[in-house]
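Numbering of residues begins at 1 and proceeds along the displayed sequence.
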Amino acid sequence: MVVFSKNPVYSVLYLIITFFCIAGHYILLNAQFLAVVHVIVYAGAIMVLFLYVIMLLNLNEEAEPHKSTLLKITATICGGLLLVVLVGSLKGTEQMIAQQTTDNTIGLVRNLGKVMFTDFLLPFEITSVLLLAAMVGAVMLGKSEVKS
């Protein structure tokens, strides 16, 4: 529906639904942190930005230039070639055996927190200080000077 929707706003809304479905797949794969980050970053921030830009552009059908027949034929050929390349690259992958791990708690937030605050404590703290400095710098640059 993202591709075939005529209205760009509906396309963005269908893309948000797709992102939630991908987050559901992450949850099924026992990667809860990745699912939450995916929803926050993509469905929350980037899609709001896309929706804002689409509404700001005010796309109308009469303002859109019509595509020539040659351009449509070229796009169809390129899409078909891409499909052939994808099918060719995925051919024979059913014989590949995925390596199963015995630990079912790989994607849990608890384990990520343990690793982050034990093995990677110094890089985590340095990153937090850098983000704090960037936030203070952004506030200082955005602050207007009061003239007396």
Side-chain angles (χ1 to χ4, degrees), residues 1-61 63-67 69-142:
M1 292 303 296
V2 173
V3 177
F4 295 120
S5 179
K6 298 279 184 190
N7 192 343
V9 176
Y10 291 154
S11 279
V12 169
L13 293 176
Y14 286 130
L15 192 57
I16 290 172
I17 292 170
T18 304
F19 284 150
F20 276 108
C21 291
I22 292 172
H25 284 124
Y26 286 142
I27 289 173
L28 291 175
L29 290 171
N30 204 19
Q32 290 86 5
F33 179 74
L34 193 57
V36 170
V37 168
H38 184 80
V39 167
I40 290 172
V41 171
Y42 287 110
I46 294 177
M47 282 299 107
V48 169
L49 188 71
F50 279 3
L51 195 60
Y52 177 73
V53 167
I54 286 172
M55 289 181 169
L56 186 69
L57 289 176
N58 193 14
L59 299 172
N60 295 326
E61 286 186 21
E64 184 178 339
H66 293 286
K67 307 291 189 274
T69 308
L70 180 64
L71 187 62
K72 289 179 183 179
I73 292 171
T74 306
T76 305
I77 291 171
C78 288
L81 288 174
L82 179 64
L83 179 68
V84 168
V85 168
L86 286 175
V87 168
S89 66
L90 294 176
K91 187 177 179 182
T93 57
E94 65 271 357
Q95 297 172 356
M96 298 173 69
I97 299 172
Q99 294 180 354
Q100 295 289 334
T101 58
T102 58
D103 189 16
N104 291 334
T105 60
I106 289 178
L108 296 180
V109 179
R110 179 184 304 132
N111 295 336
L112 179 68
K114 283 181 185 176
V115 169
M116 190 176 290
F117 288 118
T118 55
D119 298 339
F120 297 102
L121 181 64
L122 183 64
F124 182 74
E125 292 298 325
I126 290 173
T127 304
S128 66
V129 170
L130 283 174
L131 288 173
L132 179 66
M135 193 180 338
V136 169
V139 168
M140 294 303 292
L141 286 175

If every non-hydrogen atom of A35 is compared with every non-hydrogen atom of A23, which pair is closest and at what distance? CB-O, 3.4 Å

Compare every heavy atom of L15 with every heavy atom of V2, then report the nearest pair and how far apart it is. CG2-N, 3.4 Å

Is it the case that over 12 heavy atoms from other parts of the model lie below 6.0 angstrom from the CZ atom of F50? no

Interatomic distance, T127 atom OG1 to L122 atom CG [nearest 0.5 angstrom]: 9.0 Å

Looking at CE of M1 and CZ of F4, how far apart are the two atoms once the value is rounded to the nearest 0.5 Å? 9.5 Å

Atom CZ of F33 and atom CZ of R110: how far apart are they, to the nearest 0.5 Å? 15.0 Å

For F19 and H38, which heavy atoms make the closest approach, and how far apart are they? O-CD2, 3.4 Å

Looking at CD1 of I22 and CD1 of I27, how far apart are the two atoms once the value is rounded to the nearest 0.5 Å? 12.5 Å

Quick one: OG1 on T76 to CG on L71, what's the gap to the nearest 0.5 Å? 9.5 Å

Once rounded to the nearest 0.5 Å, what's the spacing between atom OH of Y26 and atom CG of L29? 8.5 Å

